[in-house]
Amino acid sequence: MTHRFSAGRTTLLAGAVGSLILASSAVFAQQPPGLSPLDKSNPKASKQDGNLKPHATPSLATPAEKIPIDKLKLPAGFKAEIWSHGHPGGRTMVMGPKGTVFMGSRIIGRVYAITDKNGKREVKIIAQGLTQPNGLAIGKDGALYVLAINRVLRYDNIEDKLDNPGDPVELTKEFNLPPEIHHNWKYADFGPDGKLYIQVGANCNICEINPGVHGQIRRYNADGSGMEIVARGVRNTVGFDWHPVTKELWFTDNGRDWAGDAGPEDELNRVAKGQEGANYGFPYCHANGIPDPDVKRPSPCAGVVMPAALTGPHSAGMGIKFYTGEMFPKAYQNVAFIARRGSWNKADKYGYDVVLARTSDGKAKIEPFLTGLLDQKKNEFYGRPTYLLQMKDGSMLVSDEQNGAIYRISYSGKK
Amino acid sequence: MNGLKRQWRPSAVGLAAVLILSSAAVAQNLPLTERIQQCGGCHGEDGNSQIEKVPSLAGQPEFFTINQLVLMREGVRRIEAMMPFVNDLKDEDILALAKHFASLPPKRSEEAVDPALVNRGAEIAEARRCASCHLPSLAGQEQMPRLAKQRIDYMIYALKSYLTDSRTGADTAMTAAILGASDADIAALAHYAASR
């Protein structure tokens, strides 16, 4: 497997992520924390290259001059520039009311704060040593919620004390989230209803999950009370947003691995008004109604909400953001941008881009937007877009986890 | 490095941050040769450890060592014995140390290798597909460590840490790969790795 991030460079790799590589014949009697003993991954039956494995994330940032900004391709009139860099592993982005951009991460365990001082960005580490603090949300009065796998923390008035955040308010007990690590790094955001929406992924690649605990999107009151299940049978959503007009929840969902290079494809889903708690199919039914080859039951797709759109095999759709700014042309208004981190469980790499989802009537059409980070001919990638953030001026930030950089997309063409 | 203004402040891991803050002031400019000597005190002057349960670093992939040092410095992989040595490491130090240890030839420890266990370990390694990440030679690659010629007692300790999910900072790949292994399986894997 060749990709640009190979030994000998100064960029480095962090822990392998995600799916299980288990001997298919092995019978496992024990259940350690963090993993389901029922995993039915079957690499042999998938006829895939058994040596495929997740691409590691560098634990030091790419030097500025090596950030692949020149590779980025956008539609006419759009421009990309490096907005900030030097925050290795930075993924999720939220903005405080005073304009600070906060960034969550996974393996490196940091939360960054990025401020803009006279057009220059300053990067600070406001928390470290956390277990995959990927979930960030800004609450009422600008409090920053940090959701690690095993903890929920709230930093009050954080923007007034970035240099000395002090001890956060510990809300871990109140939220009482499951401790398993697998697919359990959080995505979180406050909805239009003021509730904190949180993902709880399946604790395996493919297995019978406990539907009362895993494979859900939940919502809570800001203090951790009043939990409700918003969506079930969701394997691993790592991004959601609300449609600006309908206020319905839309979420990305990553399909299972080791069932073929061709899929089942990832999904873009919608929770229609009044359909809260609906079932999205995992583990029995994938994509547009594909029964699982390893976990079977009669009528696997009965009662399952079909996706609004398929978003490609192993493409790893992550952050989604409906555009509501005034900088981009009208044709982009209320259109969803989706960052696709790119495949690992697929011989020919796929994704590593930002696509658009034009939604109407509960369905969506996917179009390319930001490309150039994947060289299909060489089967190499140069960066991994993970999350999106709309700025006050209507420009759009895209985080690149692989390079520890954020790109700013602006428009200066005709409207 | 890379324009990152690092500001160590009280954080979610207050203690680690304070440690970093205090010792950074005293030892920031230790030359590389002295740092290597420090490492050698436990990990062996030539990077091949002669101390029980202390891993050999000789021949480890550069990426692996950099990665682990960063995670230890961040307090993500917490090893108390390592804290005094890693908490003031700069990115440049980490890069240089990793390069140094990658260049040293790995040597087997003085521990006795049991051929019967080696054979059994080879079978288990095959079934658990160790080579798909650590390579058939077990030399390791990228973020995956070299296992070949590693100390047997350390391998047993490390595999048990994965088995019980007590190795902090690791993702789920190794927990999954070692799931359900018995003590005998782990011993066999350790002897097999040492023999490679």
Side-chain angles (χ1 to χ4, degrees), chain A residues 5-8 10 12-18 20-23 25-30 32-35 37 39 50-51 53-54 56 59-64 85-88 107-111 122-131 146 151 153 163-168 181-182 404, chain B residues 1-17 20 61-71 73-76 78 91 94-95 98 102 124 126-129 131-133 141-144 162-165 168-182:
Chain A
F5 294 92
S6 55
T10 54
L12 352 186
L13 308 177
V17 172
L20 319 181
I21 303 166
L22 294 179
S25 57
V27 177
F28 299 119
Q30 238 176 301
L35 195 78
D39 202 291
N51 290 329
K53 57 189 161 298
S59 55
L60 299 179
T62 304
H85 61 93
H87 28 71
I107 305 297
I108 199 163
R110 290 173 173 175
V111 179
E122 203 173 274
V123 181
K124 295 173 184 180
I125 300 166
I126 59 161
Q128 66 182 123
L130 296 171
T131 306
V146 174
R151 293 177 84 181
L153 306 171
D163 287 332
N164 192 3
D167 288 334
I181 291 173
H182 200 95
Chain B
M1 173 177 176
N2 309 334
L4 171 63
K5 184 174 174 194
R6 182 172 282 129
Q7 304 211 348
W8 305 106
R9 301 293 176 186
S11 66
V13 268
L15 181 64
I20 286 161
E62 225 172 309
F63 280 26
F64 168 77
T65 306
I66 299 169
N67 207 11
Q68 295 306 314
L69 287 174
V70 170
L71 294 183
R73 181 186 67 184
E74 297 295 316
V76 173
R78 290 178 206 215
D91 290 355
I94 290 177
L95 291 169
I124 299 168
E126 165 97 40
R128 290 184 180 267
R129 307 181 63 251
S132 70
C133 288
Q141 55 172 336
E142 300 185 339
Q143 83 274 28
M144 278 80 64
Y162 283 119
L163 188 66
T164 55
D165 229 12
T168 55
D171 213 311
T172 47
M174 265 311 293
T175 311
I178 201 64
L179 183 61
S182 66

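Computed from heavy atoms alone, side chains included, the values below leave out hydrogens, waters and symmetry copies. Model, not experiment: these values are computed from the prediction.
Of the inter-residue distances, the one linking Asp91(B) atom CG with Ser59(A) atom OG reads 8.5 Å to the nearest 0.5 angstrom. Here CG of Leu60(A) is found 8.5 Å from CG of Asn67(B). Values are rounded to the nearest 0.5 Å.
Taking all atoms of both residues into account, the shortest heavy-atom contact from Gln143(B) to Pro54(A) is NE2-O, 4.3 Å. When all heavy atoms of Ile107(A) and Val76(B) are compared, the closest pair comes out as O-CG1, 3.5 Å. Nearest heavy atom pair, residue Gly129(A) against residue Arg78(B), reads O-NH2, 3.2 Å.
Side-chain N or O atoms of Lys53(A) include none that pairs as donor or acceptor with a backbone N or O of Cys133(B) at under 3.5 Å. Distance alone, capped at 3.5 Å, places no donor-acceptor pair between the Arg110(A) side chain and the Glu74(B) backbone.
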